[in-house]
Amino acid sequence: MKSLVKRLYLVTGKGGVGKTLSSLACARCLIQSGQKVLFVDFDGQKQEHLCQRLSIPYERLDLFESLERYIGFKLHSKLLGSWISGNKFFRSIIDVIPGMSYLIYLGHILYLLREDENLTIVLDSPSSGHALVMLESIKNYLKIFRSGHFFNDIKEMEHFMESDAGLRILISNIPTQLSLSEGRELKDRLNVMGFHDIEMFLNFSLSKTVPQHLRDKIPPYLRERISLEEGLEKEYGSQEWEVKIPYWPLSGDDEKIEHTAPFFKTLIEWKEKR
Amino acid sequence: MKKLEIFCGTGGVGKSTLAASRALFLARQRRVLLITVDPSKRLKEILSIDEDQKGSPKAVSFSPGDEDIQLHVLLMCPEATLQRVFMEKLSSSQITNNILKILAGPFGGLHEILALLELQHHLGSHSYDTIVLDTPPGHHFVDFLSGGERVHRFFNQNFQEVFQYLDATLGTKSKASSAGFIRLALQSGIKKLLVYLERMTGRFFVEDFVDAIRTIYSLKDLFLKAAGLPSQIMTENLADWFLVTSVEHDKLTDARHLQQELGAFNKTPPRLLINRCTSQYIKGWHPHETDLIALKNSLISREKIILGRAKELFPNYSQFEDINSQSPRKHLEKLLEAWENQCAVEEGKMAPL
């Protein structure tokens with residue numbers, strides 16, 4: 001048994017569960033364990049500055065650049081690649097069908113991973129509904145294309161995602177009934193879709209912030225919140241999540257990420273099957 | 001009182017529950033439809049509606065204490081919307097095209113424009129005094145609105161020739177002249193595009209694709225009308241907007257962004273709702289331990305920062321206190337009370353908190 005890491009990590013979960021900061025902490029943890037890492041995002045806020053401050057290599061993908069590169073490669077002509085991806089009608093079709101653009105991004109990510117065998121990518125998740133659109137688009141477009149280059153490449157993408165060393169999905173939860181039931185729903189859905197390497201973790205845990213011996217020194221509101229959290233843990237069974245990340249009473253994102261990174265040690269670990 | 005109340009916010013701020021409680025509050029006096037476009041279908045948990053009831057409005061009753069509040073709730077279902085449209089325009093609810101069937105799925109990608117179509121349908125029905133719309137969470141509050149813009153770009157005048165050409169390829173309409181074809185090939189390059197597309201994807205897809213485009217094109221007027229809904233709502237001032245954020249997840253930048261988008265059109269500025277405020281509960285707490293002091297300061301300061309900026313940026317804002325309960329029912333009851341208090345404050349019957 002050899003201790004390794006996966007090639008691609010995606011932190012997901014419902015809104016407001018701290019996805020982006022967790023993704024960055026995951027990248028920091030991989031770097032600290034000696035891995036070559038790239039943090040990738042494609043929509044939402046650019047994480048450029050935060051990555052720079054934390055020394056995390058960063059790349060922002062651009063849809064039409066990714067598309068141009070891909071088509072050019074497939075049709076053996078850079079010129080055709082730029083002509084097709086520049087075609088206005090083609091652009092407006094891609095524009096109106098978001099699922100399609102996710103495939104193009106995923107295709108680019110796979111290309112980067114294939115180019116460099118030692119690279120691990122952490123993908124900044126789009127907000128949860130979108131993460132499902134993104135992962136589901138793989139299955140959808142296999143049904144749509146049915147044959148040809150696109151079909152074969154998406155098939156390869158599916159194969160990679162489901163392969164042993166491929167993708168790990170980390171689902172972040174916060175200690176509320178709603179978040180946990182949705183986290184579980186998300187996990188089941190991903191399972192049905194064929195994604196099986198999924199780890200859950202608990203974020204913003206107050207019971208981790210306030211140690212037992214200080215519990216009688218906090219106001220009723222906080223005590224109640226902690227007891228609700230503990231109740232949920234009993235209900236859901238703590239085997240659902242091995243990792244609990246405390247609520248950090250800190251103000252800077254950099255600091256929060258550095259404190260969170262060590263918690264990802266067990267979440268990134270992967271044992272190769274022999 | 002406006003015909004439409006729109007709740008916007010990124011995920012996890014309690015937007016759906018706030019929208020539901022608002023709908024209940026209004027339903028005491030009026031005929032209310034609550035629409036949720038949220039793919040996570042949170043409201044089904046909160047109002048105990050079954051997943052298989054989605055796609056059309058269902059009567060729901062909620063009874064806090066000895067009261068009984070009646071309203072209608074609609075869980076958006078893009079496929080049902082497309083079927084309805086097909087029935088009206090093409091006299092068959094059967095979606096046979098492979099591509100359209102998949103794109104109309106819950107996460108297929110056409111859900112935003114289909115949501116606009118559905119909303120338009122109910123706005124025109126006059127069965128309700130007020131529609132409360134819980135928009136899907138997005139990176140941007142404006143995601144939902146930009147669905148319309150994208151459709152406009154798709155039906156761009158410049159592509160008229162593309163659609164005409166695609167129509168002609170299946171031979172249902174009069175054939176365009178060969179001179180016309182040459183012109184088309186030169187301008188939009190659609191013919192060339194299809195040849196390359198076939199090389200990339202095979203015949204099946206190109207046939208499905210041409211058929212899907214033709215079907216969408218035959219529904220063009222409907223899609224364009226729906227795409228125009230967001231700007232119609234704004235120019236005709238049809239809606240009250242609520243931007244939801246919480247002290248846990250400071251999304252004021254997003255709220256500010258939407259406020260600016262709306263500002264140009266709306267006469268009444270949107271109201272900012274700051275959810276899950278906690279300082280009421282902890283301001284009287286004076287810990288001595290370093291860790292606890294840090295905790296208190298962090299909880300107080302995050303709220304102070306967000307309130308300070310809210311006051312500066314939003315002429316209208318309201319605070320909602322955090323509710324310590326795992327029961328969705330309890331949340332609705334408490335929020336119902338909160339809306340009542342808000343209302344009393346506005347009418348000057350009560351001093352603000």
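Just so it is clear, the model here is predicted, and its values are computed rather than measured. A note on names: the letters A, B, ... follow the listed sequences, proteins ahead of strands, and every chain is numbered from 1. Side chains are part of it too, since the values below use all heavy atoms of this structure and drop only hydrogens, waters and symmetry mates.
- Contacts of A:T209 with chain B are made by side-chain atoms alone, with heavy-atom separations under 4.5 Å and no backbone atom involved.
- Sorted by first and then second residue, the side chain to side chain donor-acceptor pair (under 3.5 Å) pairs with a member in residues 290-301 of chain B read A:Y247-B:S298; sequence neighbours excluded.
- Within the 4.5 angstrom heavy-atom criterion, atoms from both the backbone and the side chain of B:N324 approach chain A.
- Of the two parts of A:P246, neither the backbone nor the side chain holds a non-hydrogen atom closer than 4.5 Å to a non-hydrogen atom of chain B.
- Across A:S179, A:P219, A:P249, the residue that shares the most heavy-atom pairs under 4.5 angstrom with chain B is A:P219.
- Of all the listed residues (A:L222, A:V210, A:L250), the one sharing the greatest number of non-hydrogen pairs under 4.5 Å with chain B is A:L222.
- Considering only residues two or more places apart in sequence or on other chains, A:S22 meets the side chain to side chain donor-acceptor pair (under 3.5 Å) condition with A:N203.
- The one candidate from A:K208, A:K244, A:R215 that meets the salt bridge (charged side-chain N to carboxylate O under 4.0 Å, His left out) condition with A:E230 is A:R215.
- Between A:K139 and A:E158 there is a salt bridge, with a side-chain nitrogen of the basic residue lying less than 4.0 Å from a carboxylate oxygen of the acidic one.
- A salt bridge links B:E198 to B:R203: at least one charged side-chain nitrogen sits closer than 4.0 Å to a carboxylate oxygen.
- At a 4.5 Å heavy-atom cutoff, the contact between B:I99 and chain A is made by backbone and side-chain atoms alike.
- The side-chain heavy atoms of B:F320 and B:C277, taken from C-beta on, include no pair separated by under 4.5 Å.
- Of the atoms belonging to B:L299, heavy atoms from both backbone and side chain fall under 4.5 Å from chain A.
- In terms of heavy-atom pairs under 4.5 angstrom with chain B, the leader among A:L206, A:I71, A:L232 is A:L232.
- Ranked by heavy-atom pairs under 4.5 Å with chain A, the list B:L197, B:I213, B:L295 is led by B:L295.
- Under the 6.0 Å cut-off for aromatic ring centres, B:Y281 and A:Y221 qualify, their centroids lying closer than that.
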